[in-house]
Protein chains: 4
Amino acid sequence: MAAGQRRGGDTKAEIRRVAIELFTERGYEATSLREIAERLGITKAALYYHYSSKENIVLSIFQAHLDALDGLVAWAREQPPGPETLAQAVDRMIDLGVGSGMSAMKFAMANQHVVRELHDHKGRENAFGKMTELFDILIGPGASVEETLRIRSALLSVNMVLMAARDLNASEAEITKAARAIAHTLINPENL
Amino acid sequence: MAAGQRRGGDTKAEIRRVAIELFTERGYEATSLREIAERLGITKAALYYHYSSKENIVLSIFQAHLDALDGLVAWAREQPPGPETLAQAVDRMIDLGVGSGMSAMKFAMANQHVVRELHDHKGRENAFGKMTELFDILIGPGASVEETLRIRSALLSVNMVLMAARDLNASEAEITKAARAIAHTLINPENL
Amino acid sequence: MAAGQRRGGDTKAEIRRVAIELFTERGYEATSLREIAERLGITKAALYYHYSSKENIVLSIFQAHLDALDGLVAWAREQPPGPETLAQAVDRMIDLGVGSGMSAMKFAMANQHVVRELHDHKGRENAFGKMTELFDILIGPGASVEETLRIRSALLSVNMVLMAARDLNASEAEITKAARAIAHTLINPENL
Amino acid sequence: MAAGQRRGGDTKAEIRRVAIELFTERGYEATSLREIAERLGITKAALYYHYSSKENIVLSIFQAHLDALDGLVAWAREQPPGPETLAQAVDRMIDLGVGSGMSAMKFAMANQHVVRELHDHKGRENAFGKMTELFDILIGPGASVEETLRIRSALLSVNMVLMAARDLNASEAEITKAARAIAHTLINPENL
DNA sequence: GATGAATGAGTATTCATTCAT
DNA sequence: TATGAATGAATACTCATTCAT
């Protein structure tokens, strides 16, 4: 009966907001579209009017992040190898986690196997594949396992700090700053 | 005649082994008991003969880890505060990730929301609660956000290195060793 | 500029054309209004501007055929019983399948249960009911089962030949001609 | 609660019986698994215990028919061409519609587009493809369109008579007998 | 120590339809 | 003459779980 009712703002964005919230809190599979719809006060069918599948909701959340990662890989590929490039890459990596990137990263941490199967809609690699690519560009073939893991960890410092910050009363800025500090400690030649 | 046809009698352990494998690879909710049973060549009903629920399979995987964490918290509570205790705690934390603890940790990383809702059968806190407790014991109330995150990250270094080691050809020993090195870099007073 | 971009104004006819095509190929229930709309490059809602329901699209396709059948029944009722009338009825029946009647018949063959439940909007009987009526008029009460089936089959010869012609490179005229020949063979007294 | 209750006879066969009945009466898509389950007094999930999909129910109904058709094609391929072989083929074709084959044929007539997409589980052709193959074997390349359609119609006579017999009080034996008579009339050289 | 048969509650997804604009 | 946004009811299918044997 009451079909076609106009909602307040941007339904599509609202769906994304609620979805990312629930996917992160309770996990992708553990969150049903019914729950998302209910929390929004719309029907499941309305969800499908805006997104053609559950997976597509996730993609819409993640696409920007995937694109940014691609950009970072492309950038890295064109730099001369060396500590300078590494330091800059670490900073850029942390920048990816700023703003809306942060919720995408939290989602990724909480739903790793979903991310592993989530190729972007241009059919390119998933986020883990892109990270591995970045690692390979930045870490020379002669590096020891420990050195490798140190650099990789530096590049993943936002992820780690995000995990460490659970239940801690810290602003996004503080988290980012800590991640930066930690990352640079890890790649500081004096600590090797 | 052919090997692997009949289970050697320890079906329970086989179930645990397959379950942990699948839960870690594809996620807890995304893994059905049917899949586990099929991979083992038994029926779903047989699974229920050995474990009374899906959650209980997870608990059986995780219980030892939960107990060990409890032990660590108890130990920490009795030490005098200070850098010495912190350093030892970090080492003990890393020890938790050795041997069978490592697959429990991988499972936890891949299924964070499951772990959050998994209270052990003695009704005690979940793993994240226990970690928070440990953090609070080891980190003084006056610590800055950055210092706090640094120490927490050190305590979580195995987790991070585990994430960083994806697709890397590294032995468990090498991973543990790297985690130890990274953790100690992070809590080294010279780096603050 | 490009041809076929804008419909020439007769959207209603275009809808019918596409609908009959899809209904016949894939079946009535298996064809959604979305598919019809998409193939036409319009929206589902536009479909509803032209036809008030899915069933009504079918009716618009079928109504002329239903009316023609009614006419044939009325005609038959007024003829004297006998082989002469039967022969003429068979010819008229085949004429129903000429031109636009042919696609209506194909639709009917492919969607028998839809046709059975499709009463025309004047509330008269469905197509199968009308056929049964026609059979009863043309076949005397004393006829044997075999004779009955022979005559009925003759009246249905277009349908059969249509089925038989699947994947055959034959013109409508050839099909009609064959149907006529077959029908007359079946009711030829020498073959009884 | 009341799980695992034992039913009277062979549930699998009962499902097939009810399914074929409904699929034929109301059409494949128009028949939901809920309806089938309800009519059997079991749950939808029980249906899935016995058949892994709706399509598989249909296959289980149709497989024997598909196999028989294959056999007929193989037989035809080995005969010398000529009117004798054709006459025998027609008889064998009609034999396919005897007994349980009859309900399979009724199902096929009522659900042509389903049959078109139903390849057997060995991945071989669908029923229409097999029929076309049979036609090609039995009808020489020089045949006229009319001759071709006559022979094809003879081979399809059971189907036609089945259609013609709707609402007629005729036994299966009578129907088969009429089909045979009609088929032989159609291929009788005197009628060409 | 296991299985075969079943269930109740759920899932993602689709459909015909509506209506304000 | 259309469309964008939505809905209610349905669909095929899956899952964790149960229990008599």
Between the side chains of C/His113 and C/Glu29, does any donor sit under 3.5 Å from an acceptor?
-> yes
Examine [N]: is either OP1 or OP2 under 4.0 Å from a nitrogen or oxygen in the side chain of [X]? Give yes or no.
X	N	result
A/His50	F/dA6	yes
A/Tyr49	F/dA5	yes
B/Arg34	F/dC15	yes
B/Ser32	F/dT14	no

Between [options], which one does the side chain of [X] approach most closely?
X	options	value
D/Leu33	F/dC13, E/dA5, F/dT7	F/dC13
C/Thr11	E/dT3, F/dA2, E/dT13	F/dA2
C/Ser53	E/dT17, E/dC19, F/dT7	E/dT17
D/Tyr48	E/dG8, F/dT1, F/dT14	F/dT14

May I ask which nucleotide in the shown strands pairs with F/dA9, Watson-Crick or G-U wobble, both distances under 3.5 Å?
-> E/dT14
Look through every strand shown and name the nucleotide pairing with E/dA20 as Watson-Crick or G-U wobble, where both distances are under 3.5 Å.
-> F/dT3
Determine whether a donor-acceptor pair (N or O, by modelled atom type, separation under 3.5 Å) exists between the side chain of [X] and the backbone of [Y].
X	Y	result
D/Asn126	D/Leu118	no
C/Gln112	D/Met109	yes
A/Glu117	A/Val114	no

Ignoring hydrogens and angles, does a donor from either the side chain of C/Lys44 or the base of E/dT17 sit under 3.5 Å from an acceptor on the other?
-> yes
Mapping A/Ala46 and B/Tyr28 onto DNA chain F by nearest heavy atom, which one lands closer to the 5' end?
-> A/Ala46
For A/Leu47 and B/Glu55, take the nucleotide of DNA chain F holding the closest heavy atom to each; which residue's nucleotide lies nearer the 5' end?
-> A/Leu47
Just the rounded figure in Å: distance from [atom2] of [N] to [atom1] of [X].
X	N	atom1	atom2	answer
D/Glu38	E/dA6	CD	P	17 Å
B/Ile36	F/dT17	CD1	P	11 Å
D/Lys12	E/dG4	NZ	P	11 Å
A/Ile42	E/dT13	CD1	P	15 Å
D/Tyr51	E/dA5	OH	P	12 Å
B/Ile15	E/dA2	CD1	C1'	11 Å
D/Ile57	F/dA12	CD1	C1'	11 Å
A/Asp10	F/dG4	CG	P	15 Å

Using the C1' atom in both, what is the distance from E/dG1 to F/dT21, to the nearest Å?
-> 13 Å
Between C/Lys130 and C/Asp67, is there a side-chain N and carboxylate O pair less than 4.0 Å apart?
-> no
With the threshold set at 4.0 Å, does a side-chain nitrogen-carboxylate oxygen contact exist between B/Arg39 and B/Glu35?
-> no
Judged by nearest nucleotide, the residue sitting upstream toward the 5' end of DNA chain E, C/Glu35 or D/Ala45, is D/Ala45
DNA chain E: 5'-proximal contact among C/Lys54 and B/Thr43 (nearest heavy atom) = B/Thr43
